[in-house]
Amino acid sequence: MARRAIIIDTDPGQDDAVAILLALASDELEVLGVTAVAGNVPVALTERNARIVCELAGRPDIPVFAGCDRPIARPLVTAEHVHGKTGLDGPALPDPVMALQTAHGVDFIIDTLRTRAPGTVTLCPLGPLTNIATAFTRAPDIVPRVQEVVLMGGAYFEVGNITPAAEFNIFVDPEAAQIVFRSGAPITVMPLDVTHKALTTHARVEAFRAMGTEVGRMVAEWTDFFERFDKEKYGSQGAPLHDPCVIAYLIRPELFTGRHINVEIEVASELTRGMTVADWWRVSGRAPNAMFMGDIDAEGFFALLTERLARL
Ligand code: BDR
Ligand code: CA
């Protein structure tokens with residue numbers, strides 16, 4: 001079976017880290033590279049964190065690039081209140097040994113899409129869409145060459161997490177999100193409506209710890225750290241494991257269900273900036289531009305995650 005080639009565009013982030021580990025543990029996927037973006041923490045930390053995670057997976061050969069250090073049209077908003085000062089707070093972190101690539105992440109995205117056969121590279125954005133939108137704007141010829149953009153971001157029924165109306169990744173760079181959603185590339189969205197059903201219960205976290213491996217211990221300790229914020233905020237028994245839903249979809253799409261609908265991004269209003277105006281009920285008459293997921297088989301998702309992480 002041909003492996004599906006992906007670029008992971010990310011702002012690690014504990015849940016980004018778990019997503020990267022899931023991808024590197026899965027034979028179905030070929031990770032061409034990891035591009036870091038400013039989001040949960042500044043890009044100097046997200047690129048460093050991406051290298052730490054590749055090394056943890058035993059894959060220092062994965063090229064890691066630093067991308068954009070700020071949103072297209074606004075100052076950067078970060079989320080240390082969720083992810084801690086480093087973005088990967090929880091366990092003690094080693095210094096990465098592998099080098100950062102010298103090329104810019106946006107150039108890597110453009111060059112990869114231009115040199116690989118059309119329709120064979122999937123983009124997996126797990127943070128603000130700045131790198132992807134910058135690549136699409138600078139090199140519009142790459143857009144029809146994208147196999148699919150599978151992203152974590154937005155919400156419909158859950159509405160927002162960083163503001164009452166917006167999810168963090170879209171809120172941070174709504175202009176970038178608007179460019180991507182209007183690009184014409186095939187888009188699949190994992191919104192909060194899905195990820196808020198992928199909760200780390202006590203039993204699920206203990207299953208990571210019980211692996212008895214370095215990866216199992218780190219994932220359990222990362223989860224312990226970021227859970228505290230969501231448990232308090234939502235009164236839930238665990239925290240949503242957002243970003244691994246993107247990678248799980250590539251491996252087992254049948255775990256997810258959704259609707260092919262129109263999604264527009266609010267960029268003008270201060271009150272609802274970054275809102276994903278998702279036409280779930282198909283009342284707008286606007287043409288569908290995204291597969292917007294609404295549900296997940298959470299048991300199946302955690303079974304997949306545990307089985308794959310145990311391989312590392
Ligand atoms: C998203 O925001 C970040 O904090 C997480 O890593 C995830 O990508 C959830 O809103
Ligand atoms: Ca993220």
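In listed order, ligands and their atoms are each counted from 1.
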> State yes or no: do Leu88 and Val43 share one hydrophobic cluster built from I, L, V, M, F, W and Y residues joined by side-chain heavy-atom distances below 4.5 Å, directly or via other members?
no
> So, Leu126 and the Ca ion (ligand 2): N/O/S under 3.0 Å, yes or no?
yes
> Less than 4.0 angstrom from a charged side-chain N to a carboxylate O is my criterion; do Arg273 and Glu175 meet it?
no
> Is there a donor-acceptor pair closer than 3.5 Å between any side-chain N or O of Thr46 and the backbone N or O of Val37?
yes
> Which heavy atom of the protein is the closest neighbour of atom 8 (O) of ligand 1, given with residue, atom name and distance?
Asp243 OD1, 2.7 Å
> Which atoms of ligand 1 sit under 4.0 Å from any heavy atom of Leu126?
8 (O)
> Tell me if a side-chain donor or acceptor on Asn131 pairs with a main-chain N or O of Gly105 at a distance below 3.5 Å.
no
> Please give the atom name: the N, O or S atom of Asp11 nearest to the Ca ion (ligand 2).
OD1
> When you draw lines from the Ca ion (ligand 2) to OD2 of Asp243 and to OD2 of Asp16, what angle lies between them, to the nearest 10°?
70°
> Checking contacts here: is it the side chain or the backbone of Asp16 that comes within 4.0 Å of ligand 1, counting heavy atoms only? Could be both or neither.
side chain
> Polar contacts were defined as any N/O atom of the residue lying under 3.5 Å from an N/O atom of the ligand; does this apply to Gly13 and ligand 1?
no
> Atom 7 (C) of ligand 1: which of Ile162, Leu241, Asp15, Val172 has the nearest heavy atom?
Asp15
> Which one of Glu158, Glu167, Gln14 has a non-hydrogen atom at the shortest distance from atom 10 (O) of ligand 1?
Glu167
> Quick one: does His83 get an N or O within less than 3.5 Å of an N or O on ligand 1?
yes
> Would a line drawn from the ring center of His104 to the ring center of Phe65 be shorter than 6.0 Å?
no
> Between the side chains of Glu299 and Arg204, is the shortest nitrogen-to-carboxylate-oxygen separation below 4.0 Å, so that they form an ion pair?
yes
> Please confirm whether the backbone N or O of Ile72 pairs with a side-chain atom of Asp173, one donor and one acceptor, at under 3.5 Å?
yes
> To check your reading of the model: name the closest protein heavy atom to atom 3 (C) of ligand 1, its residue, and the distance in Å.
Asn40 OD1, 3.2 Å
> Considering both backbone and side-chain atoms of Asn161, is one of its nitrogen or oxygen atoms within less than 3.5 Å of a nitrogen or oxygen in ligand 1?
yes
> Quick check: Phe225 with His83 (ring centres under 6.0 Å apart)?
no
